[in-house]
> 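Got a structure for you, questions after.
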Amino acid sequence: MLSFKCRNCGGEMSVDPDGSLVCEYCGSKEFFDDSELIRYRAFRKQMLDYLKGVHDEKAEGGHNEEMLWGSAEEVRFETAGGDPVNIRYLYSFEDDAGKVFLTRKNAIFIYGKDKKVHAEKVLWSIGGLSFPPADMKGLADCFPNLIGKYDLSDGGVMLVFSRPENLFPLSMFGSLTPEHAAWVVSRLENICCVLKYSELVHGGISEHSVWINPFIHHAVLMGHWHSAVKSGIARVKDGEDEDLICLRKTAERILGMHKNEAPQAMLEFLKDKPASDAYLDFEKWDEVIDKGFGGRRFAKGLTIDRIR
């Protein structure tokens, strides 16, 4: 799949009917030629058809995902022991640590020889997670589940995590209406509470590190674990919780062009400083749900008019 990043804000750009690239987060536009446009439009049409399945009450399984795999590509790696590893992937992107591949059942992170330390940091960070004794909400499912670690022949490292059905990077969905951005925020508040409980600061919450399943309103903090540190290592002035700040920035970006549709209580929450810790911030967010959205309810489907 072809992926284009906005030069202004870093968001993923999609294709307008006129053939231009438009950023769903800040509205910036760019242009490219017909040869580039053909493949991108083909994938986006398939993605649109898939997302339309969210509106179908029967579309709770993974059968709609099958239509996407006609656009899958392949890449080959080799382990340090000489064994070939062929990856058939639907989507890939790069961050400051390495490359990420989304396969049918896995999320695969490749760290080059010069970034091996990041792979070790990821394992340390995820290994440092802890959960309340009575995890009634299944919060452990909101974090990566390691399947395997493989040393590569070029000196790099491959980390393989399970990818639950219908789980995609949040960046693939473009801007969301306030109702859907709100349930994403709710999941991120839960995640930040676990980070607080684990005495960790993730430091990389974004639309790329957060993956969602829109069918069941599930979110996983899948990526950027190489940036995590123990709590108490300040990286934000005035002692503010870095993850709660990243949560707000992410929410603003995914609202994108729908920001002016958000209730005032939500906009004020995103603009204000976070509470002193994740637990209190979650209480503040609960007030936003009551005041701005009339309480909790399951919002079916996604507004996909801007995803092309």
Side-chain angles (χ1 to χ4, degrees), residues 9 11 24-27 51 54-55 57 131-132 134-139 141-143 170-171 173-197 201-207 209-221 236-307:
C9 72
E24 301 292 351
Y25 302 100
C26 70
L51 291 175
V54 179
H55 292 280
E57 293 181 0
F131 304 90
D135 183 9
M136 303 299 291
K137 294 185 177 180
L139 296 175
D141 292 337
C142 296
F143 297 88
L170 182 55
S171 60
F173 293 90
S175 55
L176 303 182
T177 59
E179 291 79 6
H180 294 289
W183 69 253
V184 173
V185 172
S186 293
R187 302 300 167 266
L188 292 180
E189 287 284 354
N190 285 138
I191 286 170
C192 285
C193 285
V194 173
L195 292 170
K196 172 67 176 177
Y197 186 83
V201 177
H202 181 270
I205 292 176
S206 73
E207 59 273 24
S209 62
V210 177
W211 295 27
I212 66 169
N213 179 341
F215 291 100
I216 59 174
H217 290 188
H218 181 55
V220 177
L221 184 52
V236 178
K237 64 180 181 179
D238 301 326
E240 295 176 9
D241 188 311
E242 182 173 3
D243 291 330
L244 297 177
I245 292 174
C246 290
L247 180 157
R248 284 161 168 76
K249 290 180 178 178
T250 300
E252 283 192 302
R253 286 194 294 269
I254 65 175
L255 276 172
M257 300 178 192
H258 293 291
K259 186 175 180 179
N260 61 353
E261 303 166 19
Q264 188 62 32
M266 184 179 192
L267 295 176
E268 290 176 359
F269 175 86
L270 298 180
K271 183 179 179 181
D272 290 346
K273 289 184 178 182
S276 57
D277 63 47
Y279 308 136
L280 295 175
D281 205 63
F282 190 90
E283 292 180 9
K284 287 180 63 175
W285 176 246
D286 260 347
E287 294 176 5
V288 173
I289 294 295
D290 288 335
K291 294 178 181 178
F293 297 94
R296 296 184 181 277
R297 61 183 182 276
F298 191 90
K300 292 185 178 181
L302 282 173
T303 297
I304 56 175
D305 58 311
R306 294 188 182 277
I307 300 183

> Just jot down the side chain to side chain contact (heavy atoms under 4.5 Å, CB included) partners of Glu283, sequence neighbours excluded, or say none.
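With sequence neighbours excluded, Glu283 shows a side chain to side chain contact (heavy atoms under 4.5 Å, CB included) to Leu280, given in chain and number order.
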
> Please report the closest heavy-atom contact between Ser206 and Arg253, naming both atoms and the distance.
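So the minimum-distance heavy-atom pair works out to CB-NH2, 3.9 Å.
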
> With heavy-atom distances below 4.5 Å as the criterion, would you say the side chains of Leu221 and Val194 are in contact?
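They are not in contact (no side-chain heavy atoms under 4.5 Å apart), so the answer is no.
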
> Closest approach of Leu255 and Pro178, non-hydrogen atoms and distance?
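Result for this residue pair: CD2-CA, 3.7 Å.
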
> Rounded to the nearest 0.5 Å, how far apart are NE2 of His258 and OG of Ser175?
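One gets 4.0 Å once the value is rounded to the nearest 0.5 Å.
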
> Any heavy-atom pair between the side chains of Glu189 and Leu244 that's under 4.5 Å?
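When only atoms from C-beta onward are counted, Glu189 and Leu244 do touch, with a gap below 4.5 Å.
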
> Contact between Leu195 and Ile191 at the side-chain level, heavy atoms closer than 4.5 Å - yes or no?
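Sidechains of Ile191 and Leu195: in contact.
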
> How long is the span from the CE atom in Met266 to the CD1 atom in Ile289, to the nearest 0.5 Å?
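Those atoms lie 7.5 Å apart.
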
> Restricting to non-hydrogen atoms, name the atom on Asp281 and the atom on Pro274 that form the minimum distance, rounded to 0.1 Å.
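Reported closest heavy-atom pair: OD1-CA, 3.6 Å.
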
> Supply the atom-to-atom distance Ile254 CD1 to Glu207 CD, rounded to the nearest 0.5 angstrom.
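Output value for this atom pair is 8.0 Å.
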
> Indicate the atoms forming the closest heavy-atom contact of Asp272 with Arg248, along with that distance.
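Reported closest heavy-atom pair: O-NE, 3.3 Å.
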
> Over 60° means perpendicular and under 30° means parallel, so tell me whether His217 and His180 are parallel, tilted or perpendicular.
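Perpendicular.
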
> Quick one: list whatever passes salt bridge (charged side-chain N to carboxylate O under 4.0 Å, His left out) with Lys259, sequence neighbours left out.
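Checked Lys259 against salt bridge (charged side-chain N to carboxylate O under 4.0 Å, His left out); matches are Glu252.
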
> Any side-chain heavy-atom pair from Ile212 and Trp183 closer than 4.5 angstrom?
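Yes, their side chains come closer than 4.5 Å.
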
> Quick one: NZ on Lys273 to CG on Asp241, what's the gap to the nearest 0.5 Å?
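Interatomic distance, Lys273 NZ to Asp241 CG, rounded to 0.5 Å: 13.5 Å.
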
> So which atom in Cys193 and which in Ala278 form the shortest heavy-atom distance, rounded to 0.1 Å?
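Looking at all heavy atoms of both residues, the shortest contact is SG-O, 3.7 Å.
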
> Passes side chain to side chain contact (heavy atoms under 4.5 Å, CB included), Leu170 versus Thr250? Steps please.
CA-CA 10 Å; Leu170 182 55; Thr250 300; 4.3 Å; yes

> Is the NZ atom of Lys284 crowded by more than 12 outside heavy atoms at less than 6.0 Å?
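Yes, NZ of Lys284 has more than 12 neighbouring heavy atoms, counting only those of other groups under 6.0 Å.
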
> Might you point out which heavy atoms bring Cys142 and His218 nearest each other, and give the distance in Å?
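Scanning both residues, the minimum pair turns out to be SG-CE1, 4.0 Å.
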
> Does Leu247 reach the side chain of Cys192, with side-chain heavy atoms less than 4.5 Å apart?
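Side chain of Leu247 against side chain of Cys192, heavy atoms only: contact under 4.5 Å found.
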
> Considering only heavy atoms from C-beta outward, does the side chain of Glu287 approach that of Phe269 to under 4.5 Å?
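No; the side chains remain at least 4.5 Å from each other.
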
> Excluding sequence neighbours, so at least two apart, what forms side chain to side chain contact (heavy atoms under 4.5 Å, CB included) with Cys246?
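Expected list: Ile205, Glu242.
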
